[in-house]
Amino acid sequence: QVQLVESGGGLVQAGGSLRLSCAASGRTFSSCAMGWFRQSPGKERDVVAAINWTGGRTYYADSVKGRFTISRDNAKNTVYLQMNSLKPEDTAVYYCAARVGVGIYSYTSQYDQWGQGTQVTVSS
């Protein structure tokens, strides 16, 4: 198992950028596929981006393609989400998720480890 701690959220104006980090503890991080999800009040938790265990494959929700980039550093046990050209509709709590596996996963039910979340607020 891994324990996940997100950081980097905050308040930013529309058009701005933020970089989220998810630090993982535990010995299996390099064997884990990772995902970033977000949830706003009254809505379901949805995938934002996902990455496989090597970092060689990525997935993005259509709403963030071309604006967000997911990456990982297995030496630092950390996965990142670089968010550019932020929009007010990106406002949500962002969660990091992990699961052991060689694939790439885009559904909440496919992950078994979750962080506590970090708030991202984009003002217009």
Side-chain angles (χ1 to χ4, degrees):
Q1 288 190 344
V2 294
Q3 289 74 48
L4 305 172
V5 178
E6 302 97 335
S7 62
L11 173 64
V12 64
Q13 289 188 333
S17 298
L18 284 174
R19 189 175 82 154
L20 305 184
S21 298
C22 174
S25 61
R27 299 171 61 183
T28 61
F29 176 79
S30 61
S31 302
C32 287
M34 303 294 296
W36 283 100
F37 291 75
R38 66 187 181 188
Q39 187 171 21
S40 51
K43 295 187 177 181
E44 294 186 350
R45 190 174 299 187
D46 290 326
V47 68
V48 175
I51 191 166
N52 74 331
W53 69 288
T54 67
R57 294 174 58 201
T58 57
Y59 168 89
Y60 296 95
D62 287 343
S63 59
V64 307
K65 282 181 182 176
R67 300 189 298 124
F68 290 11
T69 303
I70 189 171
S71 62
R72 67 188 296 162
D73 186 337
N74 285 349
K76 295 183 178 180
N77 280 14
T78 302
V79 63
Y80 305 97
L81 185 68
Q82 177 67 45
M83 305 187 294
N84 299 329
S85 302
L86 282 161
K87 305 175 181 180
E89 51 263 43
D90 295 318
T91 295
V93 177
Y94 283 69
Y95 297 90
C96 175
R99 63 155 289 162
V100 174
V102 299
I104 190 165
Y105 309 95
S106 59
Y107 293 97
T108 56
S109 60
Q110 293 174 307
Y111 289 86
D112 54 11
Q113 301 296 321
W114 293 86
Q116 293 300 306
T118 185
Q119 177 71 46
V120 171
T121 303
V122 184
S123 64
S124 57

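Nothing fancy with the numbering, it's 1 onward along the sequence.
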Work out which heavy atom in Val120 is nearest to a heavy atom in Gly9; give both atom names and the distance.
CG2-CA, 4.1 Å

Ile51 backbone acceptor or donor facing Thr58 side chain under 3.5 Å:
no

Here's a test for you: under side-chain contact (heavy atoms from CB on, under 4.5 Å), which of Asn77, Leu4, Val2 qualifies with Cys22?
Leu4

Linking I/L/V/M/F/W/Y whenever any side-chain heavy atoms sit under 4.5 Å apart, do Leu81 and Tyr59 land together?
no

For the residue pair Tyr95 and Trp114, does the interplanar ring angle fall in the parallel (under 30°), tilted (30 to 60°) or perpendicular (over 60°) class?
perpendicular

Between Asp90 and Lys87, does at least one N-O distance fall below 4.0 Å, as a salt bridge requires?
no

Side chains of Val122 and Met83: does their closest heavy-atom pair fall under 4.5 Å?
no

Please check: side-chain N/O of Tyr105 versus main-chain N/O of Gly103, any donor-acceptor pairing under 3.5 Å?
yes

Does Asp112 use its side chain to pair, donor to acceptor, with the backbone of Val100 at less than 3.5 Å?
no

Test side chain to side chain contact (heavy atoms under 4.5 Å, CB included) on Leu86 and Phe68; report intermediate values, then the result.
CA-CA 9 Å; Leu86 282 161; Phe68 290 11; 3.8 Å; yes

Answer yes or no: is there a donor N or O on one side and an acceptor on the other, between the side chain of Glu6 and the main chain of Cys96, under 3.5 Å?
yes

Using modelled atom types and a 3.5 Å cut-off, is there a donor and acceptor pairing between side-chain atoms of Arg72 and backbone atoms of Asn52?
yes

Under the criterion side chain to side chain contact (heavy atoms under 4.5 Å, CB included), I'd like the reasoning laid out for Tyr111 against Phe37: C-alpha separation, chi angles, the key distance, then a yes or no.
CA-CA 11 Å; Tyr111 289 86; Phe37 291 75; 3.6 Å; yes

Quick one: do Arg38 and Val64 satisfy side chain to side chain contact (heavy atoms under 4.5 Å, CB included)? Show the steps, please.
CA-CA 12 Å; Arg38 66 187 181 188; Val64 307; 4.1 Å; yes

Does the Arg67 side chain pair with the main chain of Ser85, one donor and one acceptor, at a distance under 3.5 Å?
yes

For Ala23 and Thr78, the nearest pair of non-hydrogen atoms, with its separation, is CA-OG1, 4.2 Å

Does any N or O in the side chain of Arg99 come within less than 3.5 Å of the main-chain N or O of Gln110, such that one atom is a donor and the other an acceptor?
yes

With side chain to side chain contact (heavy atoms under 4.5 Å, CB included) as the test, would you mind laying out the steps for Ser21 and Lys76 before giving the verdict?
CA-CA 11 Å; Ser21 298; Lys76 295 183 178 180; over 6 Å; no

Would the distance check show the side chain of Tyr60 and the main-chain N or O of Ile70 forming a donor-acceptor pair, the cut-off being under 3.5 Å?
yes

Side-chain heavy atoms under 4.5 angstrom apart, residues restricted to Ile, Leu, Val, Met, Phe, Trp, Tyr: same cluster for Val93 and Val48?
no

